[in-house]
**Student:** 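Can you read through this structure? Questions will come right after.
Just follow the structure's listing: the first ligand is 1, and inside any ligand the first atom is 1.
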Amino acid sequence: MNGIALIILGALAGNFILNLLADGLNLKNISSELPKSFRGVYEADRYRKSQQYLKVHTQFGWFVAAFNLFVLLVFWFAKGFPLLDRWVRALELGPIFSGLIYIGILLLLKGLLSLPFSIYHTFVIEARFGFNKTTPATYILDMLKGVLLAILLGTPLLAAILAFFEYAGPHAWWYCWIGVTLYMLMVQFIAPAWIMPLFNKFTPLEDGELKSAILAYASNIQFPLENVYQMDGSRRSTKSNAFFTGFGKHKRIVLFDTLIKQHTIRELVAILAHEMGHYKKKHVRQALVWGILQTGLMLFLLGQFISYRGLFDAFYMSQQSVYAGMLFFAMLYAPIDFFTGILMQMRSRKNEIAADQFAAKTTKDPASMVTALKKLSVHNLSNLTPHPFYVFLNYSHPPVLQRIHLLSNPAIAANA
Ligand SMILES: [Zn+2]
């Protein structure tokens with residue numbers, strides 16, 4: 001076993017153990033005592049249910065992670081990678097098509113292995129806690145559309161990257177960087193109009209009190225807003241949410257129908273004010289720039305390692321290829337991805353606080369933001385007391401108690 005294999009094994013084991021540890025701490029942090037600010041909001045029964053939900057989810061996550069690790073190690077050490085390579089090479093399709101088939105088959109296998117877990121998650125766990133609304137027909141259609149979309153959008157991109165690294169020599173990484181960036185921007189641009197409607201129905205919000213309140217707020221903060229959309233989130237789950245998509249003139253705000261049902265108009269305006277806050281504070285653009293920089297770093301390193309002999313030896317591959325090099329590099333890159341991921345989460349948590357503060361200040365109604373957060377937590381069975389280490393590794397938003405605390409004490413938030 002060579003050094004690269006040891007690094008990848010160490011990273012896989014390290015990641016597994018770290019997550020296990022964080023999960024364990026998280027479960028230990030559960031307390032039967034309801035936090036003070038949630039008294040009168042959370043009923044004792046529902047609070048217990050939220051903790052049950054956390055336990056079931058955590059244990060399910062352990063099982064899936066252990067299974068995935070086991071399958072990967074068996075495939076790796078039973079020399080599955082070179083076996084599949086010999087089979088694909090026998091078809092003599094040339095480097096690009098061989099790469100598409102090699103990576104395509106591995107992705108297909110991965111998808112098939114995760115399918116039973118996904119079905120169990122939707123139809124057993126989510127159903128048990130009263131969230132699931134997905135019918136088997138919707139589930140199957142979603143899956144087919146997802147696969148088709150992945151093929152349609154993924155194939156040209158993958159083919160282009162393979163071709164650059166096959167033929168463009170040392171310049172490949174930055175050609176790829178430009179190509180991938182343009183492609184990502186294009187997909188983000190067409191997503192609201194062409195991709196998302198494949199999965200959900202978006203209807204412009206009806207004229208009425210809610211719409212006027214939102215538009216009045218938007219014009220108050222000089223936020224150009226053409227329309228607000230309602231999405232039939234209830235088709236799949238009773239969980240509720242709101243989000244922002246697109247950019248430039250085509251940006252749109254989307255409210256789940258489930259959200260509209262549960263909140264007062266003032267709460268909904270507060271939630272949307274938070275979303276517009278992300279935009280006004282340039283968080284959306286910032287995330288895009290970071291994403292592009294990270295892609296550049298990854299492609300640069302890929303360029304350095306893609307023909308490194310040790311990378312192929314680690315997986316028992318006698319013949320080198322761009323496609324296999326890409327795949328193995330992805331595993332070597334995982335630890336860097338892990339650390340940049342943590343940095344992104346830290347930045348995201350900071351931005352969430354800033355968006356909360358923006359909403360509180362511009363609506364002059366922090367109380368509605370607080371009640372909205374409380375209702376959302378109760379409705380979605382959120383964990384009120386996550387362990388700080390778990391938050392550090394996994395949370396893109398600060399824990400809800402911290403958000404409520406900062407909304408109630410803006411002076412502290414200013415220094416956070
Ligand atoms: Zn946010």
**Student:** Looking at Phe223, is Lys280 sitting on its ring face, NZ or CZ under 6.0 Å from the six-membered ring centre and within 45 degrees of the normal?
**Tutor:**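 Judged by the rule, Lys280 and Phe223 form no cation-pi pair.
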
**Student:** Please state whether the separation between the Zn ion (ligand 1) and some N/O/S atom of His274 is under 2.8 Å?
**Tutor:**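 It does: His274 brings an N, O or S atom closer than 2.8 Å to the Zn ion (ligand 1).
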
**Student:** Kindly state each residue pair satisfying salt bridge (Lys or Arg N to Asp or Glu O under 4.0 Å) with at least one member in residues 185-207, sequence neighbours excluded.
**Tutor:**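 Applying salt bridge (Lys or Arg N to Asp or Glu O under 4.0 Å) to every pair that reaches into residues 185-207, excluding sequence neighbours, yields Asp207-Lys211.
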
**Student:** Only N/O/S atoms count here: what is the atom of Glu352 closest to the Zn ion (ligand 1) called?
**Tutor:**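 Minimum-distance N/O/S atom of Glu352 relative to the Zn ion (ligand 1) is OE1.
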
**Student:** Which pairs with one or both residues in residues 113-132 pass salt bridge (Lys or Arg N to Asp or Glu O under 4.0 Å), sequence neighbours excluded?
**Tutor:**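 As it turns out, the salt bridge (Lys or Arg N to Asp or Glu O under 4.0 Å) pairs with a partner in residues 113-132, which skip direct neighbours, are Glu126-Lys239.
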
**Student:** Would one find an N, O or S atom of His283, in either backbone or side chain, under 2.8 Å from the Zn ion (ligand 1)?
**Tutor:**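 Checking the Zn ion (ligand 1) against His283, no N, O or S atom falls under 2.8 Å.
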
**Student:** Is the shortest distance from a Lys or Arg side-chain nitrogen in Arg39 or Glu33 to a carboxylate oxygen in the other one below 4.0 Å?
**Tutor:**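 Looking at Glu33 together with Arg39, the answer is yes, because their closest N to O distance falls below 4.0 Å.
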
